[in-house]
S.K.: 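My questions all concern the structure below.
Reckoned from all heavy atoms, side chains included, excluding hydrogens, waters and symmetry mates. Each chain gets a letter, A, B and so on, in the order its sequence line appears, and its residues count up from 1.
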2 protein chains.
Amino acid sequence: MSDLLERLRGRGWRLTAQRRVVAEVLDGDHVHYTADEVHAKAAERLPEISRATVYNTLGELVSLGEVLEVSTDGRAKRYDPNAHHAHQHLVCSRCGTIRDVHPEGDLLAGLPSAERFGFQVSAVEVTYRGLCPDCSAG
Amino acid sequence: MSDLLERLRGRGWRLTAQRRVVAEVLDGDHVHYTADEVHAKAAERLPEISRATVYNTLGELVSLGEVLEVSTDGRAKRYDPNAHHAHQHLVCSRCGTIRDVHPEGDLLAGLPSAERFGFQVSAVEVTYRGLCPDCSAG
DNA sequence: TCTTGACTTAGACAAAGTCTAATGTAGGAT
DNA sequence: ATCCTACATTAGACTTTGTCTAAGTCAAGA
């Protein structure tokens with residue numbers, strides 16, 4: 001994700017300290033922070049950053065396709081920087097931990113055309129649920 | 001879902017006008033209302049019903065397994081009375097319409113054990129996304 | 001019919017996110 | 001190098017969605 005800032009600049013982004021810090025917080029694999037967590041971590045480096053800017057920047061990253069929004073439950077959305085690798089999520093029903101997983105096969109193919117009701121189906125999101133090793137041990 | 005009230009009474013539910021009205025609103029296929037919509041429709045028949053009661057009743061129906069909670073996006077949860085038939089959802093990316101669909105095959109089998117990270121995987125939720133006929137026509 | 005514990009209510013509260021008007025600034029123009 | 005201005009940021013009010021509490025109400029069994 002280190003070339004993210006370059007890609008964004010190429011698309012006309014004005015490069016500000018705030019945007020740089022938000023992008024840096026999201027850098028790394030298997031990171032799925034809420035907007036509030038991103039704000040807290042960004043504020044460690046740039047204390048005056050506002051919540052609105054974090055929300056704006058996350059929204060921009062999502063609409064540019066650089067980051068995925070994940071709504072695992074009815075709670076806060078989480079942001080997944082691993083947008084360039086197709087993957088799905090495995091969520092612990094007890095503690096909410098998320099792992100990226102890579103199922104086999106063409107997931108879209110599982111939906112017969114008789115079940116598509118005239119929709120132009122373009123994407124599929126899969127969430128596996130279960131207990132993580134820590135929670136099932138308890 | 002017409003025998004729902006009987007099932008609930010059998011499980012010790014006290015049968016009140018409020019609960020009856022909420023259950024009636026949810027009755028019907030392919031209905032996916034938000035809590036607020038359920039409240040509005042319930043209030044047409046029982047004007048003094050409170051939001052808290054609607055939330056309580058929906059929560060009870062969910063924990064009894066009679067209704068499913070669906071978080072299609074980061075917005076309000078929707079309630080799906082079709083809980084007794086395994087199904088997944090097809091959501092219009094533009095207008096948010098939801099259809100119930102029934103994919104083929106064993107969806108859980110798509111996740112190899114090497115990708116389970118020690119989780120006891122017990123459920124899978126699939127959301128297909130695309131444009132509905134109305135929105136793709138525009 | 002009486003009683004009681006379960007149910008409902010209004011409204012305060014909380015969490016997550018959006019919006020606005022005022023202010024600041026990145027980066028091209030000069 | 002500096003200036004300019006459209007784009008970006010800020011604080012905080014506001015909205016939406018959902019939860020909680022204390023007081024009042026009622027379904028259903030005794």
S.K.: Just the rounded figure in Å: distance from C1' of D:dT9 to NE2 of A:His39.
M.R.: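 Interatomic distance, NE2 of A:His39 to C1' of D:dT9: 12 Å.
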S.K.: Using 4.0 Å as the upper bound for N to carboxylate O, is an ion pair formed by A:Glu37 and A:Arg78?
M.R.: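 Salt bridge present between A:Arg78 and A:Glu37.
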S.K.: So does B:Glu6 pair up with B:Arg9, basic N to acidic O under 4.0 Å?
M.R.: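 Yes, B:Glu6 and B:Arg9 are salt-bridged.
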S.K.: Measure the distance from CZ on A:Arg20 to C1' on C:dG27 and round it to the nearest whole Å.
M.R.: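 For the pair A:Arg20 CZ and C:dG27 C1', the rounded distance is 13 Å.
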S.K.: Think A:Gln18 has a side-chain N or O under 4.0 angstrom from the OP1 or OP2 of D:dT10?
M.R.: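 The answer is yes; a side-chain N or O of A:Gln18 sits under 4.0 Å from OP1 or OP2.
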S.K.: Specify whether B:His32 and B:His89 have parallel, tilted or perpendicular ring planes, treating 30° as the upper limit for parallel and 60° as the lower limit for perpendicular.
M.R.: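 The rings of B:His32 and B:His89 stand perpendicular, inter-plane angle above 60°.
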S.K.: Kindly indicate whether the side chain of B:Arg14 and the base of C:dC7 share any N or O donor-acceptor pair separated by less than 3.5 Å?
M.R.: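 No such pair is found, so the answer is no.
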S.K.: In whole angstrom, give the distance that lies between atom CZ of B:Arg78 and atom P of D:dG18.
M.R.: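 Distance check: B:Arg78 CZ to D:dG18 P gives 10 Å.
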S.K.: For C:dA6 and B:Arg19 - does any side-chain N or O of the residue sit under 4.0 Å from the phosphate oxygens OP1/OP2?
M.R.: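 Result: no.
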S.K.: Flag the pair B:Arg45 and B:Glu24 as a salt bridge only when some basic side-chain nitrogen lies within less than 4.0 angstrom of an acidic carboxylate oxygen.
M.R.: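 Yes.
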S.K.: With distance as the sole test, does A:Arg129 use its side chain to make a donor-acceptor pair with the main-chain N or O of B:Val121 at under 3.5 Å?
M.R.: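 No; zero donor-acceptor contacts below 3.5 Å.
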S.K.: Would you kindly give the CG-to-C1' distance between A:Leu8 and D:dA8, to the nearest whole Å?
M.R.: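 In whole Å, D:dA8 C1' lies 15 Å from A:Leu8 CG.
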S.K.: Using heavy-atom distances to pick each residue's nearest nucleotide on DNA chain D, tell me which of B:Leu15 and B:Asp36 is more 5'.
M.R.: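 Per heavy-atom nearest nucleotide, the more 5' residue is B:Asp36.
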S.K.: Pick the nucleotide of DNA chain C nearest each of A:Arg9 and A:Ala52; which residue has the one closer to the 5' end?
M.R.: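 Nearest-nucleotide comparison on DNA chain C picks A:Ala52.
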S.K.: Just how far, in rounded Å, is P of C:dA6 from CZ of B:Arg11?
M.R.: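 It works out to 18 Å between those atoms.
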S.K.: Would you mind reading off the distance between A:Trp13 atom CH2 and C:dT25 atom P, rounded to a whole angstrom?
M.R.: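 For the pair A:Trp13 CH2 and C:dT25 P, the rounded distance is 18 Å.
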S.K.: Measure CD/A:Glu69 against P/C:dA16 and give the value in whole Å, please.
M.R.: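 Result: 14 Å.
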S.K.: Please list, in numerical order, the residues of residues 40-51 of chain A that have a heavy atom closer than 4.0 Å to any atom of DNA chain C.
M.R.: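 Within residues 40-51 of chain A, the residues near DNA chain C are A:Arg51.
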S.K.: Contact class for A:Thr16 vs. all strands (heavy atom < 4.0 Å): base, sugar-phosphate, or nothing?
M.R.: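 Sugar-phosphate only.
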S.K.: To the nearest Å, how far apart are A:Lys77 NZ and D:dG18 P?
M.R.: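 So the two atoms are 13 Å apart, to the nearest Å.
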S.K.: Could you tell me whether the side chains of B:His85 and B:Asn82 share a donor-acceptor contact shorter than 3.5 Å?
M.R.: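 B:Asn82 and B:His85 do have a side-chain donor-acceptor pair below 3.5 Å.
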S.K.: Side-chain heavy atoms nearer than 4.5 Å, only ILVMFWY residues, links allowed to pass through others: does that put A:Trp13 and A:Leu58 together?
M.R.: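 Yes; A:Leu58 is reachable from A:Trp13 via cluster members.
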S.K.: Does a nitrogen or oxygen in the side chain of B:Tyr55 sit under 4.0 Å from OP1 or OP2 of D:dT19?
M.R.: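 Result: no.
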